[in-house]
Amino acid sequence: MAKTTPLKTILTTIFVAAFGMPASAEGELSLLTWEGYADDSFIAAFEAETGCRVSATYVGSGEEIIAKMAAGGGVYDLITPASDITRLIIEAGFVEPVDISRIEQWENIYPQFRELDNIQMDGEYYAMPYTWGAIAFMYRNDAFETPPTSLAALFDPRNEGRIALWDDKSAIYVAARYNGDTNIYTLSDEQIAAAVETLIEQRPLVRRYWSTAGELVDLYVGGEVDISNTWAGYQSALIAAEGIEVTEFIPEENAEGWMDSWMIVDGSADNACTYPFLNMQLSEQGQCGVANVNGYSVANPVAARNCMTEEQFVALHQDDPAYLDALLMWQPLGDRMGAYVNAWNSVKSQ
Amino acid sequence: MTLRALDRIGMGFFLGLPILWIVLFMLVPYGVLLTYSFWIKSYPLFEPAFQFGNYLTLLNEPQYLSVIGRTLKIAVIVSVTALVLAYPFAYFLVFRLKNVTIRKVLFFGVIAPLWVSYLLRAYLWKTILGTQGVLNSTLMGLGIISEPLDIFLYSQAAMVITLTYIFIPFMVMPIYAALEKIPRNLDEASADLGQSSWTTFWRVTVPLSLPGVVAGFTLTFCLCFGDFVAAFLVGGPDGLMVANVITSQFGAALNWPLGSALAVVMLVVVLAIISLSDRFEQRTKVQF
Amino acid sequence: MADIALIRSKPRKPPLSIPKGAADGAFITYATLLLAFLYMPVAILIIFSFNDSRVLAWPLSGFTLDWYRTLFANADLLEAVGNSFYVATLSTALALCIGIPAAMALHRFVFPGKALFRRLLLLPIALPGIVTGISMLNFFNLMGFNLSLHTVVLGHATALLAVVVIQVLARLQRLPPSLEEASSDLGASALVTFWYVTLPNIKTAIVGSGLLVFVLSFDEIPVTFFLTGRDNTLPMYIYSTMRRGVTPEINAVGTLLILFSVVLILLAAFLTRPPGRKR
Amino acid sequence: MAAIIELDSISKHYGPVVGVNHVDLAVEDGEFLTLLGPSGCGKSTLLRMVGGFEVPSAGTIRIAGVDVTAAPPQQRDVNMMFQDYALFPHMTVGKNITYGLERKGIKGTAARDKAEAALELVGLSGMFERHTHQLSGGQRQRVALARAVVREPKVILLDEPLSALDAKLREQMQVELKHMHEKLGITFLMVTHDQTEALVMSDRVVVMEAGEIAQDGTPEDLYERPATPYVANFIGTTNFLSARVVARGAGLVTLEAGNQELKATDVATSDGQAIGQIGIRPEKMQILKDTECRPVNVLPGTVVETIYQGLALRTVVRLSSGEEMLVDEILRQGMLHSDHPRAGDPVVLGVEPHNILLFGAER
């Protein structure tokens with residue numbers, strides 16, 4: 001990023017011992033990922049089999065992955081960004097291509113994901129699709145006589161103080177759809193301004209902008225809120241486990257979809273553990289592992305078919321390509337990302 | 001003063017490492033921070049440049065000024081609240097408690113929570129203030145309210161309570177130290193001159209303890225000004241603080257230059273507050 | 001003259017006179033309330049660490065030791081605790097190594113730029129950790145250093161240096177200058193004086209500030225947030241689990257930490273007894 | 001006797017402030033010399049420069065013939081007893097004393113033996129293992145002395161050594177220190193603002209005024225023949241009268257003071273300065289009774305008040321010229337102060353010519 005200066009040379013010499021740490025020692029694999037993506041329930045067997053030691057650092061948002069990469073990501077081997085930021089990560093040069101000839105089940109991945117533009121550049125693939133899901137909506141069963149079916153419920157004064165919204169630029173997507181703008185990933189400045197307007201109006205109704213999965217769970221369990229958006233499959237299960245009945249739904253205005261994939265951090269392709277790990281994650285072991293832990297749908301329906309019960313297979317829409325196609329899959333925002341993020345910040349600032 | 005050769009060697013010995021450290025890990029990083037603040041955001045990351053765009057953005061987009069204003073407001077409220085809570089306590093310890101051991105124990109009792117994880121202490125307020133939290137259930141149990149109130153949590157008030165709670169020790173410590181330094185005979189002299197204890201308090205004790213008050217206020221204010229955990233844990237939809245915006249610029253918005261510019265602003269504000277309080281302290285300082 | 005005197009002694013409102021006993025009663029009540037305010041959350045933390053529901057809500061559902069059991073089975077958490085110890089130990093050592101000579105220099109010498117030197121040294125105590133963290137992050141990034149626990153250590157040492165300087169300097173200033181003079185008068189070189197006379201007499205300040213730096217470093221978030229690589233310290237671990245929702249397991253950790261703090265406080269009290277008063 | 005300390009035109013400036021101004025002084029080997037003066041007169045600064053704690057702005061300091069002007073304290077063969085004693089609080093009495101020996105390379109039992117001997121010398125045998133905070137003020141002082149003498153320095157510097165003690169103990173320690181000096185035979189250089197202390201203990205006293213030496217002499221010299229009103233005023237009490245020379249000759253000088261004529265023993269002043277002021281010690285005057293033969297000089301006046309001081313009776317007398325004089329009379333056995341003149345009584349004061357101190361004109 002910067003030119004070599006004498007100062008840099010001196011400092012580098014001084015600190016090389018302490019900070020010249022290689023990405024990983026032999027037989028170690030360092031992940032920057034979401035919780036559940038390297039859960040012991042399926043990683044332990046992999047470690048035992050291969051002798052590779054897996055250590056994971058967990059992030060709270062996709063942007064945090066970029067931030068960590070920008071802050072010197074050389075200490076990680078693999079990352080799992082969502083489909084809206086994969087392109088940025090590729091263009092920033094944080095990752096190197098995935099050799100798909102070494103991915104055994106590559107052909108089994110949903111073609112929609114495999115052929116996604118966001119994960120390719122100059123004819124090379126840079127990501128291995130892993131999981132997917134919807135940013136669905138959710139309500140507390142005992143709080144609504146007539147189940148809500150539209151985003152309007154989140155903007156309804158009757159629900160004042162009972163609403164939670166994800167503290168993310170996704171809030172802009174929600175407001176834009178509520179405003180009737182369906183091109184949520186290519187909003188014009190005016191459309192964004194209108195979304196901001198809508199969100200500011202909504203703000204007094206909002207109990208809390210939730211930022212983490214657990215927080216939303218606590219909000220429901222603590223009786224703070226009745227309706228919110230949610231990472232489909234994940235939080236509702238946790239809430240149900242606490243004995244509170246909630247229902248997820250895709251509103252009339254549709255919902256966003258997301259897809260996480262594994263990417264190889266620049267310089268880590270040579271790690272002997274990398275490809276065995278990727279192959280494990282795309283196999284039944286990894287796919288059902290993550291589906292069981294996080295409740296997300298997975299990218300390899302063939303593996304899913306083999307390891308899931310029929311019930312789970314259906315519940316996760318693994319049998320239903322139309323469901324997937326209907327979702328507004330996250331798109332890279334490119335240099336418009338700043339506009340979205342700042343718009344969301346300005347809602348919270350005012 | 002003439003320095004002997006030996007003293008000069010000693011000075012080099014004592015000064016060398018600290019100066020090296022200050023230059024390497026404070027001055028250079030602050031310089032880098034300043035440099036970054038003139039860079040420009042450029043997809044996918046950012047590029048070296050020299051332009052004032054980031055600062056203009058901070059000035060022109062109302063959201064930044066309003067966040068800075070809100071942060072200042074909360075920091076002032078917290079500092080004042082902490083002062084009002086801490087002063088009588090410190091006064092009680094120093095002037096009313098005769099038993100030195102009990103005084104020491106109580107003083108330690110107030111600063112000991114510093115040793116309990118900051119994050120946990122902040123988090124605990126969520127448990128207390130929540131709709132089904134300790135406060136609501138206590139109030140309901142006492143029959144004061146019939147329905148749980150949701151006004152406690154996820155609001156600026158919740159942030160003020162939490163931050164005050166966290167920073168009270170920082171207020172008690174310097175005030176206690178300042179009060180302890182006031183010679184007892186002044187108090188007695190004033191009483192001897194026929195002043196009521198109330199007048200003595202306002203005319204003698206308060207002015208002499210001002211340096212401690214200023215120190216505590218400054219520290220609390222600055223720490224509050226830079227806090228980003230309270231908003232994260234107990235803040236409501238209107239709880240964003242400057243530090244949260246900075247964090248988001250380094251994370252979600254991926255605009256390090258703008259984040260750096262905001263951090264520079266924060267640095268300047270803190271420096272201004274410190275030199276202001278320094279000046280005030282110089283004026284109120286009394287030698288005994 | 002007489003007129004002026006009259007004007008000056010214009011009858012005032014009778015001074016507020018509260019019976020001493022009542023005032024003391026009010027003070028004692030107030031002090032009790034404040035301490036309750038300070039300790040109630042801590043008590044709640046401890047109570048919830050034995051509560052058998054995942055949810056932190058009143059009333060309690062039942063008593064359990066499960067959270068302590070899962071705590072000791074949680075490898076990530078234990079590793080985070082270990083990392084925190086590592087970081088806190090190293091930063092304390094560094095802060096002492098830099099802070100003690102700095103305090104000595106401030107106390108002993110007159111040199112150009114001393115006021116600036118002093119102000120810079122003390123700046124980080126008031127500077128929000130986020131500024132320290134970000135400026136060092138920018139710096140390390142520019143230098144191409146990888147973030148790790150070591151960068152965190154550098155950040156903590158820088159941020160907490162002032163704690164050592166303030167406490168040691170205050171002690172030095174209370175020390176009669178004649179002690180060091182007596183030592184050199186008795187034939188000791190500057191270094192011998194520092195080692196045999198100055199150091200033992202500021203020992204309690206060193207131990208006290210060292211322990212405080214240790215605790216603050218152990219608990220530090222903003223600097224760590226920006227400077228850590230793939231390793232988590234305990235507060236960062238807690239911070240990141242808050243994304244998933246805090247389990248009473250964290251309350252159990254907190255309870256153990258309080259226990260540990262109490263031990264440290266007692267240790268501090270023991271080590272910082274007035275010199276010579278061994279009984 | 002040879003000079004052990006030679007100060008040659010020593011000056012010390014603090015910015016524009018002059019602390020010590022061109023002081024020349026030689027301290028003889030073995031003598032007990034005291035620097036006397038009020039606070040701020042530069043006496044402590046001078047002592048600290050001898051000890052090496054401050055560096056002179058100009059001039060040279062020689063100790064035993066060696067130029068030590070720039071040498072740090074640890075390289076000087078002198079040891080100081082500090083005003084606050086500066087006992088190391090973290091060490092036992094014994095450790096305090098052996099500290100200086102260890103710096104000289106004397107360790108182990110050799111050091112311990114020497115320390116025990118020093119303790120015995122100051123009358124604290126058996127206190128080796130004591131902690132310094134367990135000692136009384138007088139004991140601390142002795143330890144400080146032991147710590148200084150154990151190194152067998154050429155000179156011991158004492159900085160207001162008795163100021164921290166109460167009056168009774170101070171008197172006792174004055175004598176003890178004096179005896180200690182005689183026993184040791186080491187040069188003592190002391191600083192004090194207490195004239196009694198200086199007179200009682202010293203072989204020679206140097207009175208300092210505003211960074212310069214006002215007078216240098218034996219205690220008797222200073223008391224009986226103060227060179228300036230400043231010295232006369234600082235040491236003991238003196239009644240001052242402005243005076244004018246009327247006639248001079250035959251070893252006597254005739255003066256006019258107020259409206260009185262006085263005869264005084266002439267003292268040839270070296271600078272031939274005109275006499276402008278005279279001083280009379282209160283105890284060198286008497287209130288004349290009718291029966292007594294009249295001395296050479298008489299001063300009529302009126303009693304203003306009498307002050308009973310136990311040992312003496314002080315009478316304040318207003319002269320006809322309006323000036324007030326103090327007269328001290330020892331109350332001997334059988335003398336009852338009630339017999340003395342009371343306020344309002346007219347009296348006549350008598351003074352012999354050799355008891356009148358002659359000074360230059362008031363500055």
Side-chain angles (χ1 to χ4, degrees), chain C residues 96 100 103-105 107-115 167-210 268-279, chain D residues 14-15 44 47-48 50-54 71-93 95-106 111 129-135 143-144 146-153 155-160 164:
Chain C
L96 287 176
I100 296 170
M104 286 292 290
H107 176 61
R108 278 275 286 276
F109 303 112
V110 177
F111 50 91
K114 182 173 175 175
Q167 293 204 12
V168 172
L169 184 60
R171 179 62 53 89
L172 282 171
Q173 282 166 343
R174 281 214 303 272
L175 218 58
S178 59
L179 283 188
E180 291 185 4
E181 287 178 355
S183 169
S184 57
D185 185 63
L186 293 169
S189 66
L191 217 62
V192 171
T193 298
F194 176 70
W195 191 253
Y196 286 107
V197 175
T198 317
L199 217 51
N201 278 295
I202 59 173
K203 191 180 76 190
T204 55
I206 293 174
V207 171
S209 62
F270 178 74
L271 287 175
T272 58
R273 282 169 311 169
R277 247 154 261 236
K278 292 173 192 122
R279 229 155 265 161
Chain D
Y14 301 96
S44 285
L47 188 80
R48 291 174 57 78
V50 174
F53 306 113
E54 301 203 29
Q74 62 264 33
Q75 290 170 14
R76 299 181 184 211
D77 210 356
V78 299
N79 281 112
M80 171 104 110
M81 217 177 96
F82 289 84
Q83 189 172 0
D84 59 359
Y85 311 138
L87 298 183
F88 304 130
H90 59 293
M91 297 182 188
T92 59
V93 168
K95 284 271 162 52
N96 261 284
I97 296 172
T98 52
Y99 185 84
L101 293 173
E102 280 167 17
R103 304 284 84 76
K104 280 174 96 173
I106 304 170
E129 302 293 349
R130 279 296 168 86
H131 271 282
T132 52
H133 61 84
Q134 297 169 317
L135 302 178
V143 173
R147 189 174 69 174
V149 301
V150 79
R151 277 170 58 87
E152 297 164 12
V155 181
I156 288 184
L157 309 174
L158 304 104
D159 187 2
E160 305 265 9

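Every chain is numbered from 1 and lettered A, B, ... according to where its sequence line falls, protein lines coming before strand lines.
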Examine whether an atom of [X] lies under 4.5 Å from a heavy atom of chain C, and if so say whether it belongs to the side chain, the backbone or both; otherwise answer neither.
X	value
D:F82	side chain
D:D84	side chain
D:M91	side chain
D:R48	side chain
D:L101	neither

| request: Check the surroundings of atom OH in C:Y196: do more than 12 heavy atoms from other residues, nucleotides or ligands lie under 6.0 Å from it? | output: no
For [X] and [Y], work out which heavy atoms get closest and say how close.
X	Y	value
D:P89	C:L179	CD-CD1, 3.7 Å
D:Q74	C:A190	NE2-N, 4.1 Å
C:D185	D:N79	O-ND2, 2.8 Å
C:V192	D:R103	CG1-NE, 3.5 Å

| message | Using side chain to side chain contact (heavy atoms under 4.5 Å, CB included), reason through C:S178 and D:Y85 one step at a time and then give a plain yes or no. | response | CA-CA 8 Å; C:S178 59; D:Y85 311 138; over 6 Å; no
